[in-house]
Structure formats: structure tokens, C-alpha cells
Protein chains: 2
Amino acid sequence: MAARQRRTTIAEVAAHAGVSPATVSRVMNGRFVGEESVAERVRASAQTLDYSPSPLARGLALGTTRTVAFVVPDLANPAFQAVLSSLSKSAARSGYRVLVADSVETPSDELAIATEIRRRCDAIVLCAPRMPDAQLAEAIENLAPIVLINRPGTGHGAAMLSIDYHAGVHQLAEHLYALGHRRLVYVAGPTTSASDGYRRRGLKAFLAGHEDVTLETLPGGVSVDDGRAVAEAVRGSGATAALAFNDLVAIGLIHGLGELGVSVPGDVSVTGFDDIPYARYNSPALTTASVPHEELGVQAWDRMDTLVGGGEPGHSVLFQPRLEVRASTAPPR
Amino acid sequence: MAARQRRTTIAEVAAHAGVSPATVSRVMNGRFVGEESVAERVRASAQTLDYSPSPLARGLALGTTRTVAFVVPDLANPAFQAVLSSLSKSAARSGYRVLVADSVETPSDELAIATEIRRRCDAIVLCAPRMPDAQLAEAIENLAPIVLINRPGTGHGAAMLSIDYHAGVHQLAEHLYALGHRRLVYVAGPTTSASDGYRRRGLKAFLAGHEDVTLETLPGGVSVDDGRAVAEAVRGSGATAALAFNDLVAIGLIHGLGELGVSVPGDVSVTGFDDIPYARYNSPALTTASVPHEELGVQAWDRMDTLVGGGEPGHSVLFQPRLEVRASTAPPR
DNA sequence: ACCTTGCGAGAAAGCGGTTTCTCGCGGCAC
DNA sequence: GTGCCGCGAGAAACCGCTTTCTCGCAAGGT
């Protein structure tokens, strides 16, 4: 490897141009008010020496890094990837970069990870579904400016962008009900996950309005493999339709059922949640609740931007999922 | 929003513990050799004041940020997401974070983006398929330590991790040939993309060994939409099999053909490239060249780690794709 | 001719750490 | 009793940049 670069410093440029570092700084930042010839000389020196200010030193002096953190449970999840991709693009337009981290290997460290990464930047977009409400409320103060994702109702002066899981799962259940299904099974997510809680409550509300429906809940997970693993239990449940925690689980479940010779939607209907890009290309195409992940990223940046500028968090928003009926659901046999 | 936090500084801890900042620094970094009681007092003060050193200030003093950049053409591409996810996990184990950026909105700025983001951190993992060889060679020096992805052969003292597109596409073509296909069409990627060049050369090499095969090349792209858009042209080509630039294009193409009433693999066989997680769940499941993206991320970190430690870039590695035969290919009618 | 203004630009003090250099002090050898 | 050594810990320089403070100097007013 080539010897590590030693970048030219502002002092060198100053010496080269025969001015003080202060002047170079002013010229570089457009705050220079003196003679144009001096500015020109500084610019020429900077050019010649291939100078560009150290973001680190600037950050220290200015107290701002032009970087924001993005922390989610699992970067491998396409839903979060969609948010990240759009957040990164939005931030880039304002000259900000995004620092990423996930807590998949150590769920209990959500707070520690967020705290650590937050110190490296100006603000944080956090999705911490497993952090207890009380702990989160306390953490918000230290993490601010912060945009919280998927924690509807947690309040406490943070900007909040969430998905109405309750409504989404309700819609899915209504859809299945309308098709004629009366025995449902819910393939749950992580039991400690807040968003799983909202789904459960949504289903409970649905059940309250439909006395003729029975619902069984099966422990599931968040990944394709989790879905595949629960296929046998779903078949054993005798249900005619399964609501999966998310699209990944649904896809895994469908293929797991396929391996057991159970056809979808012939024998069992299956629904997902998220509408990841591949939901529509799955075989059969997945009926799901569509979540506007890109919009979430864009809005997250907007909030972030106003917060960093010293603005208020603004109102919480609860994105309404849109029922996306595809081929994985059909009337029961 | 709550007033912006003012973190406690090392000076405050020093004052509180009745020692000098130097001592606090030494204690915090385990370089303290004096009386244990002093260290204990410092630790207690740090605890009380909830002190943690500013990574920014540390970075400036130490000349290291414990951050690496990850720059790719498009963060929305699942292939890159897989690499990022695994890179981030690997880096995290060593206490490093990953800063991301993509150049999808301004392909010509690949170099500018890489240069800018590189200054914020210690090293960079770069995938810049559209950057001219000469420009890249020149840039490497400024960007080092750098791990280059998908630029086999570019050398110049950078660590290089690549996919053997040439071999991969060759395998796919051989597979189609073995099935009996003689009229092929290649749905190309961006013409300025280096990896598209390797694929073209791979196909040319294949053709040289099979005089009875005709190959047409169609302009395509990189996304599902690009694949869908080219469906009509593929049908019009009269070919019995199509090799798509990547899995996304293949998936789009398959569904585009479906809309035109052309069945896959009944009427036309289709292959992809990458083996993204959804390739196997597509309908029909996609025959493709499987690329070890997670492994790429892990290895990228390994290289990075040794480079940052002052080590040598090591040998270039060319990952061999594995032919993954699924349901999207079959003998021609 | 003298005192203000005002402007252009440098000196220096941070930002929050790390690290080299220095120094006081107690213990040991002679 | 004196000199030297070593240890513990503080003073100060430094990382690279920003910004307030300061100052010299030329212009303008009386």
C-alpha cells in the first residue's frame, strides 16, 4: 500500500499564498470581504496544493458533522433498505451523509448502539422496535435531534414517523374475511417487538367485530427462514388463511407450504406486510399491506433537516398501509 | 425540540476529579500507570458526569475516525445491499461504522462523491463501474486505503475483490447451449459499465467456441423496469433464450414477457445474474449465476482492516459465480 | 493638522481530545 | 548527608479549522 497520504493543511495554503490561515478559511467559506486579488491568490494556492478542508477539523470547530445516523434492527431487511436508500438520497441533496448500523446480532444493545453512533454525527433516524417504552423515552433526550420510526405514540418530543400496523393488519383480515375465511392463523414476529404488538392489537380489534372468526397465533420471526420453519405448524393449525408478520415471512411460509404439498392460495391463503419490491414477483404474487418506505425515508430527512436547523419535531405521522390484493389469497376451498 | 445537548468535556471530568485532563485521557484509554486510587477517582467522576470522549475530537487528535465509506452506483440494488449489510456487520465487530453513498442520480460524479466521502473516514470500499480505467488508476492513490469492488484487473496497488462476470456469463450461455438453444439475446446493462464489458467479452468468447450460435444484443439497463421495457424487443428478436444483465432485469423481463403472453421458460428461457435473495422465489424461479455477496462484504472488511493497519492490499480475488439452475430455463420448443 | 471611522487582514483563543515533555518528590546507593 | 534515579502526574504543544478580537492604516470630517 502506498504510504498514507498527508493532506495539505490550511496553514500550508496560507504560507503558500502569503496570508494568514484565517484569511484562507474565510475565502474557502465565502466569508471573505477584502481585496479580490487576495482571494484570487488564496484560491490559486488552494488549487495548486490540491487543498480541501478537513471535515473532521471543521466538524470539531463548527460543532456539526453533516452526517446523520440510521439505525435499524436489520440492514438485510428489504423494507429498511428501501428507507435507507431514499434517506441517503435525500440527505445527499443537502450535502449530508448517512452512517449506518444494525442491531441484529445484539438486540439488547439497541440503545448502546444508538448512543454510540449518535455521538459521531448530528442526528439520528432510529428504528428500535424492541426497546422498552420507558427506556426509549429516557433515551430520546440524549439522542435528540432524533426521528423515530415505527414507534407510534411514543411521543416525548421526538419526530415520529410510523406505519399504522393496526389498520394494515385489520385491512388484511377484513380482506380474508370477505373472501370467506373464518379460521385464521397469525404468524407472529418477535414477541418483544413493538410492531408485533400493534399487529396483535389490530387482530384483536378485528376479532371483536367478527364473532365467527377464530384466530390462532404461532411464534414466527422476521425472515424467510422463519417463515419456512413455521409452515408445518400452519398446516397443522387447520386454518384456511395465514397472516404473516411481514413479506419475508410470508414468502418463506408460502414456499415452505409448497414443499409440504400445500398449495397457496388453493389450500391456504397467505398475506404479508410491507410490500417489498419482490412481493409482486413472488409465486404466487403476494397479497400484502403496502407501506411507503421511500416516502418514509424522504420524510425522515425532512424532519431531520428541520430539527438540525433548530426547528420543532412537528406532528407525528401515521402512514396508512394500502391493501394490495394479489394472487396469494383466494376464497377457501 | 429540547435544547441541544452540551456534552461534558474531558476538562470538566478532570476538574471534578481534581486531576489534569491528561490523566483523564490516560485513564479512559487504559494508558494510566499511576496510583489506582487516582484512576478510580477519575472513573467515578466520568461515571457521575456521564462522560464519554468526543469521537470527533479524538478523531482529530488520533488521525483516525473508525469509519469506512461504502460507495456504490445504487443502494437500491439488492446485490449491493447484501454487500453493505455484511460489510457493516463485519466492521461493527471491530468497532467501525460504515458511511454510505450512491451515485445513481449523478453517475458522472462517482469520483467526486468517493473523494468527498473518503475525507470523512479512514478508508473506502468503492464500486465504480462507470469510472474510466485511467481516471480510476489515478484516483486510487488519493483514495487509499481502498478496496475496489468489481473492477477486476485494474490493479495499481488497491485491494481488489471482483466477480468473474466473464466466467459467469459463459457458464450461463453453456447451460443454455446444452439445453439446445442456438439463438440467444443478451439484454445488456449500461454500456459505460465495466461489468457489462466483461459480460460482453464472456459472451464473445462463448460464441467463438460455438459457431452455430447467433447472439443479438439489446440495450437494457439495471432495473426491473428496464427489463420489463425490453420484453417486446426480446420477443421480436426471435431468440429462444435471453441472458439478462442481472437478476432485476431478468425478473422484469420475465414479467414483461408474461404480459405479452410469452411464457417463460415455455417460449423463451431467461437467465439472470447475481442470485439476489428473491431470484429463487420468482415465478418461475430464476436460473442465474450466483454471486457470494455476503462473502464479498466480509472479505472487503478483512482487506480494509489490514490496509488500515498498514498492511499490504494482498492479492486480487476473483470470485467465481456458481451456476444456479432453476425453472426459468428449459429446452426450446 | 488632528481625531474619528472603517476596512482589510492577522493574532490568538477556542473546539475536545492525545501525547510529549517536564518536573517535583521519595527512595536508594555511596 | 548528598547525588541520582525513577515514578507519578501536570503543563503545554498539537491535530486542522473557525471566529472573535485586535490592530494598523488610509480616508474623511472639522
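Being a predicted model, the structure only gives us computed values, none of them experimental. The analysis underlying the following values was restricted to heavy atoms, covering all of them including side chains, and did not include hydrogens, waters or symmetry mates.
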Rounded to whole Å, please give me the gap between [atom1] in [X] and [atom2] in [N].
X: Met28(B); N: dT18(C); atom1: CE; atom2: P; answer: 8 Å
X: Asn29(B); N: dT20(C); atom1: CG; atom2: P; answer: 13 Å
X: Leu60(A); N: dA13(C); atom1: CG; atom2: C1'; answer: 13 Å
X: Glu36(B); N: dG8(D); atom1: CD; atom2: P; answer: 12 Å
X: Arg41(B); N: dG8(D); atom1: CZ; atom2: P; answer: 15 Å
X: Tyr51(A); N: dG16(D); atom1: OH; atom2: C1'; answer: 7 Å
X: Glu12(A); N: dC15(D); atom1: CD; atom2: C1'; answer: 13 Å
X: Phe32(B); N: dT18(C); atom1: CZ; atom2: P; answer: 15 Å

Looking only at side-chain atoms of [X], point me to the closest of [options].
X: Ser20(A); options: dG10(C), dG16(C), dT18(D); value: dG10(C)
X: Val19(B); options: dG16(D), dG17(C), dG10(D); value: dG10(D)
X: Ala22(A); options: dC17(D), dA11(C), dG17(C); value: dA11(C)
X: Ala57(B); options: dT18(C), dG17(C), dA9(C); value: dG17(C)

Query raised in the report: How is Val33(A) classified with respect to the nucleic acid when contacts are heavy atoms under 4.0 Å: base, sugar-phosphate, or nothing?
Result: sugar-phosphate

Report task. Could you tell me whether Leu62(A) contacts a base, only the sugar-phosphate backbone, or nothing, with contacts defined as non-hydrogen atoms closer than 4.0 Å? Result -> sugar-phosphate

Report task. For residues Ile140(A) and Leu148(A), determine if any side-chain heavy atom of one lies less than 4.5 Å from a side-chain heavy atom of the other. Result -> yes

Query raised in the report: Trp301(A) versus Val147(A): any side-chain heavy-atom pair under 4.5 Å?
Result: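 Trp301(A) vs Val147(A): side chains apart.
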
Query raised in the report: What do the steps show when you test Asp122(A) against Thr64(A) for side-chain hydrogen bond (donor to acceptor under 3.5 Å, both in side chains), and what is the final call?
Result: CA-CA 6 Å; Asp122(A) 300 342; Thr64(A) 173; 2.8 Å; yes

Query raised in the report: Are any of the side-chain nitrogens in Lys89(B) or Glu105(A) under 4.0 Å away from the carboxylate oxygens of its partner?
Result: no

**Report entry** Lys/Arg N to Asp/Glu carboxylate O, Glu35(A) vs Arg41(A), below 4.0 Å
**Finding:**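 Salt bridge flag = no for Arg41(A) with Glu35(A).
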
Report summary line: By nearest-nucleotide position on DNA chain D, the 5'-leaning member of Arg58(A) and Glu35(B) is Glu35(B)

Below 4.0 Å: OP1/OP2 of [N] and any side-chain N or O of [X]:
X: Ser54(A); N: dG16(D); result: no
X: Thr23(A); N: dG10(C); result: yes
X: Thr9(A); N: dG16(D); result: no

Report summary line: Assign each of Gly18(A) and Leu56(B) the nucleotide of DNA chain C bearing its closest heavy atom; nearer the 5' end lies the nucleotide of Gly18(A)

Requested in this report: Would you state whether a donor and an acceptor, one from the side chain of Arg26(B) and one from the base of dG8(D), lie under 3.5 Å apart?
Outcome: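 No such pair is found, so the answer is no.
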
Query - Side-chain donor/acceptor contact of Arg31(A) with base of dT20(D) under 3.5 Å - result: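 When only heavy-atom distances are counted, Arg31(A) does not reach the base of dT20(D) through any donor-acceptor pair under 3.5 Å.
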
Query raised in the report: Within a radius of less than 6.0 Å around CD of Glu138(B), do more than 12 heavy atoms belonging to other residues, nucleotides or ligands occur?
Result: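 Open: at most 12 neighbouring heavy atoms sit under 6.0 Å from CD of Glu138(B).
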
